[in-house]
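Per chain, numbering begins at 1; letters A, B, ... match sequence-line order.
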Number of protein chains: 2
Amino acid sequence: MMFSKACEYGIRAAVYIALQSLDGRRVSVSEIAEEIDSPIAFTAKILQQLNRNNIVHSVKGPTGGFEIDRENMDTVKLSMIVKAIDGDKIYTGCGLGLKECNAQKPCPLHDKFVDIRSNLRTMLISTSLFELATGLEVGLTYLKR
Amino acid sequence: MMFSKACEYGIRAAVYIALQSLDGRRVSVSEIAEEIDSPIAFTAKILQQLNRNNIVHSVKGPTGGFEIDRENMDTVKLSMIVKAIDGDKIYTGCGLGLKECNAQKPCPLHDKFVDIRSNLRTMLISTSLFELATGLEVGLTYLKR
DNA sequence: TATAAATAGGACAAAAATGTCCTTTATTAA
DNA sequence: TTAATAAAGGACATTTTTGTCCTATTTATA
């Protein structure tokens with residue numbers, strides 16, 4: 001609806017990894033892809049990006065996999081994942097695709113988007129992985145289907 | 001940011017046509033593409049879609065072109081253009097791409113998206129082409145760059 | 001130290017979105 | 001009635017996104 005497929009998978013994967021890390025479990029790409037119902041090799045690429053951006057931590061070799069430190073679950077906000085994968089056009093871009101659209105030279109929808117964009121931005125900036133993982137843990141939310 | 005390129009061009013084209021129709025001028029695809037800074041042949045395709053959905057009216061032959069009745073400028077809301085081009089996933093789709101995501105079985109972002117989506121929906125449903133065209137007419141808004 | 005398990009990463013493939021070109025159809029006006 | 005003009009539409013081309021496959025690298029453990 002709003003994010004690319006890659007970003008959707010990235011968020012779902014990060015939330016799943018966070019959930020498992022709360023139990024001290026490191027998880028493999030194949031488990032992640034299974035649990036969030038995503039294409040495995042594509043998910044692996046996205047996890048590489050998240051790793052490079054220090055959003056998740058990867059460990060190679062046997063007993064390896066992905067994990068997120070308890071500390072990072074609070075530090076990492078949705079906005080960081082979105083920015084790492086989709087860039088920041090969701091914040092800065094014009095709703096009608098104009099290159100320069102701002103209060104001085106607004107597109108016809110500029111003012112109408114101000115609040116919507118601001119709400120979205122605030123939500124993304126203030127929502128942590130920990131918050132999302134705990135909802136899952138309690139069984140209130142789902143990552144599949 | 002939120003709409004496809006096709007939809008962005010479609011909205012900009014419709015607003016431009018509405019503006020010119022206020023002056024009783026019918027406009028050609030090439031003029032539209034010039035004025036909204038869009039690829040001409042692609043814009044023509046999009047205008048065909050808008051015509052089929054009775055959002056704009058087209059006339060073939062010399063002196064032909066696109067126009068929008070004064071009445072339709074009030075009737076046609078942004079939501080209709082978006083739906084004609086991008087479908088209604090913007091309203092109905094899940095932020096994380098789950099097939100079935102609802103209050104009973106929500107994704108971790110479901111509740112957080114409720115307000116944002118609702119604001120967006122309300123804005124699209126309540127904004128008419130006339131409103132957008134008059135902003136342009138008065139020189140308060142722009143469709144290019 | 002050899003083997004196996006796991007991620008990293010490059011190259012490729014498929015699908016979808018974006019964009020172009022050319023012919024057909026309708027219509028105006030000379 | 002013919003010529004010119006404009007949209008309609010089909011076929012094709014390009015680019016981006018999504019997705020796959022294979023090899024290299026790292027590392028735990030037998």
S.K.: Should A:Ser28 be listed as having a side-chain N or O under 4.0 Å from OP1 or OP2 of C:dA5?
M.R.: no
S.K.: Rounded to the Å, how far apart are A:Leu47 CG and C:dA6 P?
M.R.: 15 Å
S.K.: Do A:Lys105 and A:Asn102 make a side-chain contact, defined as non-hydrogen atoms from C-beta onward lying under 4.5 Å apart?
M.R.: yes
S.K.: Nearest whole angstrom, please: distance from the P of C:dT7 to the CD of A:Gln49.
M.R.: 16 Å
S.K.: Nearest whole Å is fine: how far is C:dA11 P from A:Gln48 CD?
M.R.: 14 Å
S.K.: Starting at atom CD of B:Glu67, determine the distance to atom P of C:dT27, rounded to an integer number of angstrom.
M.R.: 13 Å
S.K.: How many Å lie between CZ on A:Arg26 and P on C:dA5, as a whole number?
M.R.: 17 Å
S.K.: Establish, with yes or no, whether the OP1 or OP2 oxygen of D:dA8 is under 4.0 angstrom from a side-chain nitrogen or oxygen of B:Asn51.
M.R.: yes
S.K.: Nearest 0.5 Å, please: how far is CD1 in B:Ile36 from SG in A:Cys107?
M.R.: 12.5 Å
S.K.: Output side-chain donor-acceptor pairs under 3.5 Å for residues 130-142 of chain B, partner residues at least two apart or in another chain, one line each.
M.R.:
unit_1: B:Glu131; atom_1: OE2; unit_2: A:Lys112; atom_2: NZ; d: 2.8
unit_1: B:Thr134; atom_1: OG1; unit_2: B:Phe130; atom_2: O; d: 3.1
unit_1: B:Thr134; atom_1: OG1; unit_2: B:Glu131; atom_2: O; d: 2.8
unit_1: B:Thr141; atom_1: OG1; unit_2: B:Leu136; atom_2: N; d: 3.3

S.K.: Does a donor on one side chain and an acceptor on the other come within less than 3.5 Å for B:Ser128 and B:Asp74?
M.R.: no
S.K.: Any side-chain heavy-atom pair from A:Asn51 and A:Ile55 closer than 4.5 angstrom?
M.R.: no
S.K.: Measure the shortest side-chain to side-chain distance between A:Ser28 and A:Ile32 over non-hydrogen atoms and say whether it is less than 4.5 angstrom.
M.R.: no
S.K.: What is the nucleic acid contact for B:Val27, judged by heavy atoms within less than 4.0 Å: base, sugar-phosphate only, or nothing?
M.R.: sugar-phosphate
S.K.: Look at the side-chain N and O atoms of A:Ser58 and state whether any lies under 4.0 Å from the OP1 or OP2 oxygen of C:dA6.
M.R.: no
S.K.: Within this structure, what is the CG-to-P distance between A:Asn53 and C:dA8, rounded to whole angstrom?
M.R.: 13 Å
S.K.: Give the rounded distance in Å between these two atoms: CD1 of A:Ile46 and P of D:dT18.
M.R.: 8 Å
S.K.: Tell me, for nucleotides 12-25 of chain C in 5' to 3' order, what letter each nucleotide earns: B for a base near a protein heavy atom under 4.0 Å, S for only sugar-phosphate near one, - for neither?
M.R.: ------SBB----B
S.K.: Tell me what A:Arg52 touches on the nucleic acid: a base, only sugar-phosphate, or nothing, going by heavy atoms under 4.0 Å.
M.R.: sugar-phosphate
S.K.: Atom NE2 of B:His57 and atom C1' of C:dT27: how far apart are they, to the nearest Å?
M.R.: 13 Å
S.K.: In the structure I gave you, are the side-chain heavy atoms of B:Ile17 and B:Leu47 within less than 4.5 Å of one another anywhere?
M.R.: yes
